[in-house]
Amino acid sequence: MGLDDNETAENWTVVATVPDVPINGLQEVHFGRHVILLVNFENEIRAFQGLCPHQLARLGEGMLVDDMIQCPRHLARFSLADGSCSGGWQLAPLRRYEVQIEDGNILLKDPLVALE
Ligand code: FES
């Protein structure tokens with residue numbers, strides 16, 4: 001993803017490097033007051049809210065199960081495609097955020113804007 005014409009590099013902040021996120025794994029980072037979950041799945045870095053919408057467990061302490069993020073506390077699972085929860089839970093989907101990769105760095109847009 002590139003920058004739009006009316007954006008500048010100052011709109012993006014480095015939060016980690018690509019090697020910081022295990023392949024097919026999870027890494028928690030902090031971005032201002034936000035806890036963010038970085039996921040490296042099939043060589044694509046994705047960013048989601050880092051706290052479970054159920055009881056705010058830290059999803060970075062969970063694991064990937066196939067193409068789902070599994071919460072460490074009560075094992076709810078969230079789709080990597082759209083953050084939706086499966087398995088009979090009535091939870092809000094995880095917010096997903098735009099990510100940019102530059103020179104091996106992972107950048108998030110500041111301020112965060114959730115993808116639709
Ligand atoms: S805190 Fe995540 S499923 Fe309960």
Side-chain angles (χ1 to χ4, degrees):
M1 281 174 242
L3 297 176
D4 292 338
D5 290 342
N6 61 351
E7 292 178 329
T8 66
E10 288 78 52
N11 295 115
W12 294 83
T13 300
V14 175
V15 294
T17 67
V18 171
D20 290 333
V21 188
I23 295 172
N24 295 325
L26 311 172
Q27 179 64 51
E28 177 183 291
V29 296
H30 293 256
F31 185 66
R33 62 185 177 84
H34 299 277
V35 178
I36 301 294
L37 178 70
L38 299 176
V39 182
N40 184 348
F41 182 68
E42 295 183 339
N43 293 318
E44 182 187 348
I45 301 291
R46 305 176 200 205
F48 294 89
Q49 70 182 65
L51 300 178
C52 180
H54 182 222
Q55 290 184 356
L56 306 181
R58 296 166 77 167
L59 294 171
E61 296 176 357
M63 60 189 294
L64 283 185
V65 178
D66 299 323
D67 59 350
M68 310 281 284
I69 300 160
Q70 180 171 281
C71 177
R73 191 170 300 168
H74 306 109
L75 311 182
R77 292 182 180 180
F78 301 90
S79 166
L80 286 174
D82 59 7
S84 62
C85 188
S86 65
W89 292 85
Q90 302 292 320
L91 301 176
L94 297 182
R95 288 185 298 276
R96 185 177 172 186
Y97 302 108
E98 192 172 356
V99 168
Q100 186 168 312
I101 308 296
E102 279 186 6
D103 299 327
N105 293 312
I106 302 169
L107 297 87
L108 293 177
K109 198 169 188 177
D110 188 6
L112 286 171
V113 177
L115 297 171
E116 294 297 320

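Contact between P22 and N40 at its shortest, heavy atoms only, is O-CB, 3.2 Å. L91 approaches A76 most closely through the heavy-atom pair CD1-CB, 4.1 Å. Considering every non-hydrogen atom in both W12 and V99, the closest pair reads CZ3-C, 4.1 Å. Nearest heavy-atom pair, F78 versus A92, reported as atom, atom and distance to 0.1 Å: CE2-O, 4.2 Å.
Checked against side-chain hydrogen bond (donor to acceptor under 3.5 Å, both in side chains), S84 has the following partners two or more places apart in sequence or in another chain: D82. The ring-ring contact (aromatic ring centres under 6.0 Å, His included) check on H54 picks up H74, W89, with sequence neighbours excluded. Every side chain to side chain contact (heavy atoms under 4.5 Å, CB included) that R73 has, sequence neighbours left out, goes to Q55, A57, C71. Applying the side-chain hydrogen bond (donor to acceptor under 3.5 Å, both in side chains) test to D20 and every residue at least two apart in sequence or in another chain returns T17. Remark: R46 pairs with E44 by the salt bridge (charged side-chain N to carboxylate O under 4.0 Å, His left out) rule, at least two apart or across chains.
For residues 24-34, the pairs satisfying salt bridge (Lys or Arg N to Asp or Glu O under 4.0 Å) are E28-R58, with sequence neighbours left out.
Using a 4.5 Å cut-off between side-chain heavy atoms of Ile, Leu, Val, Met, Phe, Trp and Tyr, with links allowed through other members, F31 and V35 fall into different hydrophobic clusters. Cluster membership check: F48 does not share its hydrophobic cluster with I45, using side-chain heavy-atom separations under 4.5 Å among Ile, Leu, Val, Met, Phe, Trp and Tyr. Clustering ILVMFWY residues whenever any of their side-chain heavy atoms sit less than 4.5 angstrom apart, transitively, puts L38 in the very cluster that holds I101. Follow the hydrophobic side-chain contacts under 4.5 Å out from V15 and you reach I36 in the same cluster.
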Are R96 and L94 close enough, and set up right, to give a side chain to side chain contact (heavy atoms under 4.5 Å, CB included), and what steps lead you there? CA-CA 6 Å; R96 185 177 172 186; L94 297 182; over 6 Å; no
Evaluate the criterion side chain to side chain contact (heavy atoms under 4.5 Å, CB included) for residue pair R77 and C85; output intermediate values, then yes/no. CA-CA 6 Å; R77 292 182 180 180; C85 188; over 6 Å; no
One pair to check against side chain to side chain contact (heavy atoms under 4.5 Å, CB included): L64 and I69. What are the steps and the verdict? CA-CA 5 Å; L64 283 185; I69 300 160; 4.0 Å; yes
Between L107 and T13, does a side chain to side chain contact (heavy atoms under 4.5 Å, CB included) hold up when you go through it step by step? CA-CA 5 Å; L107 297 87; T13 300; over 6 Å; no
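Taking CD from Q70 and CE from M68, the interatomic distance works out to 9.0 Å, rounded to the nearest 0.5 Å. Atom NE2 in H34 sits 11.0 Å away from atom CG in L51 (nearest 0.5 Å). From D66, atom CG reaches atom CG of N24 across 10.5 Å, with rounding to the nearest 0.5 Å. Taking CD from E98 and CG from L112, the interatomic distance works out to 10.5 Å, rounded to the nearest 0.5 Å. Note that the OH atom of Y97 and the CG atom of L108 stand 9.5 Å from one another [nearest 0.5 Å]. How far CG of L37 is from CG of L26: 5.0 Å, rounded to the nearest 0.5 Å.
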